[in-house]
Amino acid sequence: MSTPQKRIRRWNADLPASVFDKGRAGRRGLTFPRWDGQPVTVDLPPAARRAERADLPSLSEPEVLRHFTALSNLNHHIERGMYPLGSCTMKHNPRLNEQVAAMPGLADLHPEQDPEDVQGLLAALHLLETALCEITGFVACSLIPAAGAQGEYLGMLVIRALHRSRGDLDRTEILIPDSAHGTNPASVVVAGLVPRTIPSRADDGRIDLAALRAAVGPKTAGIMITNPNTLGLFENDIREVSEIVHAAGGRLYMDGANLNAIMGRARPGDMGFDVVHMNLHKTFSTPHGGGGPGAGPICVSAELAPFLPGPRIAGSDQAGWTLERMPTGPDDAAIHTWYGNVGVCLRALSYILRNGGDGLARVSDCAVLNANYLLASLRDILPVPHDTGCLHEFVASGASWKDKYGVRTLDLAKRLLDYGVHAPTIYFPLIVEEAFMVEPTETETRESLDEFVAAVRAIHREAQEDPELLHGAPHTTPVGRMDEAKAAREPDLRWLGPCNCG
Ligand SMILES: *Cc1c(COP(=O)(O)O)cnc(C)c1O
């Protein structure tokens, strides 16, 4: 791998011209034969009419395509290079699944259509529910949640509904290990419950059982565990955790967003969990990362099934499929309209059917193998504090780089962009100093993994020879180092006229 040039271009130098500057009056993207019939007029209410013509650019179709392709190439994306963003499972999403989800007989349906007219779709979604139950070891599934965090929220409502149905109103606490994903405590609070932190053990990063025993009691509604946890480690004592929490009257929720590490190999239902959510947009092949649609279905045990919200798919191929309301579940209107993000669900079904059970197990085997390969190739320069072998991801620490060379994990991450790699997740989880969280996924080849290792090693040398180079990185991207807090708080996204000065 050649070392990237220190400075190729800076700010704005190579940004494509604004789409407004490219337009030429009168140019058209699409033309139709002249219409010789009666003109069709529509009487819009005055409030809906523009007072002036919209000032829109006129472009040909190829100009529009080139413009947006150029824009998309300003960003890193998985089609450009590796994207080892820990916790996010940024893997390649097979195009076959896109084709299935885009089939007109599926994509053109309207959510308000009568169930009688969408029997094929309902059968497909029911098949997905059944597959997800088999993968997780549970009996009932709701495809409603549109994100992982929404699945967590719904799972909390379901556990709360169980306790309330028994008059157990004091069970308001949800225990959460400090290695949990950030959305976990947030979902608990939104569901009207109270999060309580359980420390993880300093030596091996797993839940501290003594602290757990001391925390459970009559207030315990349940525990929410990310497994494998955000350190990429399997919670080895999960059976014991289950016994402790169940004996105290609580239920176990598994954040299954990391299912890519264990699917086909281990099932939450067999580990003692009562509810799990999955991220279809991580494990089951929907592209994400740009804030697109997601799906975070939950699967539950027989005990909790009556508390799932409606609508739920019921019936059979012979008797026909219907969408049923549930008398006891939490109000579905609070979660999402209609029944799930159907496009995302269809991609997942296509992915599952194409891989089959053995294929899914191979996916997780390869995801784990790739992560361990990187860990083993980098641990001499980037130590892993809880180094007991990892599952699909690992968390290294850049603390020694900071002490020895005055270079932070942020600098390493920014410099990686110059080598054509998306930066891993940094400074998360909080329990590792200068955290550097790497998840290669199973879809990277041995060669691309080796390129990543070579890039990190090259940057390690740069840190010793020219730390200033890293402090100023990235040097080759269209936009250099940003004030990220300002960029998030004061986004400047609107085109404000030819001078772009408002
Ligand atoms: C991504 C992730 C979530 C949140 O999922 P969203 O779809 O972004 O809401 C929750 N837990 C873990 C472990 C995750 O990796």
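Indexing begins at 1, ligand by ligand and atom by atom, following the structure's order. No hydrogens, no waters, no symmetry mates; every other heavy atom, side chains included, goes into these values.
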**Report entry** side-chain contact (heavy atoms from CB on, under 4.5 Å) partner of Leu391, chosen from Asn227, Asn372, Val368
**Finding:**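 Only one option passes, and that is Val368.
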Report task. Classify the side-chain pair His181/Asn258 by whether it contains a donor and acceptor separated by less than 3.5 Å. Result ->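 Their side chains do not contain a donor-acceptor pair, so the 3.5 Å distance test is not met.
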**Report entry** Inter-residue atom distance Ile298.CD1 - Leu132.CG, 0.5 Å rounding
**Finding:** 11.5 Å
Query raised in the report: About how many Å separate CD of Glu434 and OG1 of Thr409, when rounded to the nearest 0.5 Å?
Result: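 So the OG1 of Thr409 and the CD of Glu434 are separated by 4.0 Å.
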Report task. Spell out, as yes or no, whether a donor-acceptor pair under 3.5 Å connects the side chain of Ser364 to the backbone of Ala361. Result ->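 Present.
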Query raised in the report: When you check the gap from the basic side-chain N to the acidic O, do Arg408 and Asp411 get nearer than 4.0 Å?
Result: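 No salt bridge links Arg408 with Asp411.
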List, for ligand 1, each N/O atom that has a protein N/O partner under 3.5 Å away, with both atom names and the distance.
from     : atom 1 : to     : atom 2 : distance (Å)
ligand 1 : 5 (O)  : Asn279 : ND2    : 3.0
ligand 1 : 7 (O)  : Gly148 : N      : 2.8
ligand 1 : 7 (O)  : Asn279 : ND2    : 3.2
ligand 1 : 7 (O)  : His281 : NE2    : 2.7
ligand 1 : 9 (O)  : Gly148 : N      : 3.3
ligand 1 : 9 (O)  : Ala149 : N      : 2.8
ligand 1 : 11 (N) : Asp255 : OD1    : 3.2
ligand 1 : 11 (N) : Asp255 : OD2    : 2.5
ligand 1 : 15 (O) : Ser87  : O      : 2.8
ligand 1 : 15 (O) : Ser87  : OG     : 2.9
ligand 1 : 15 (O) : Lys282 : NZ     : 2.7

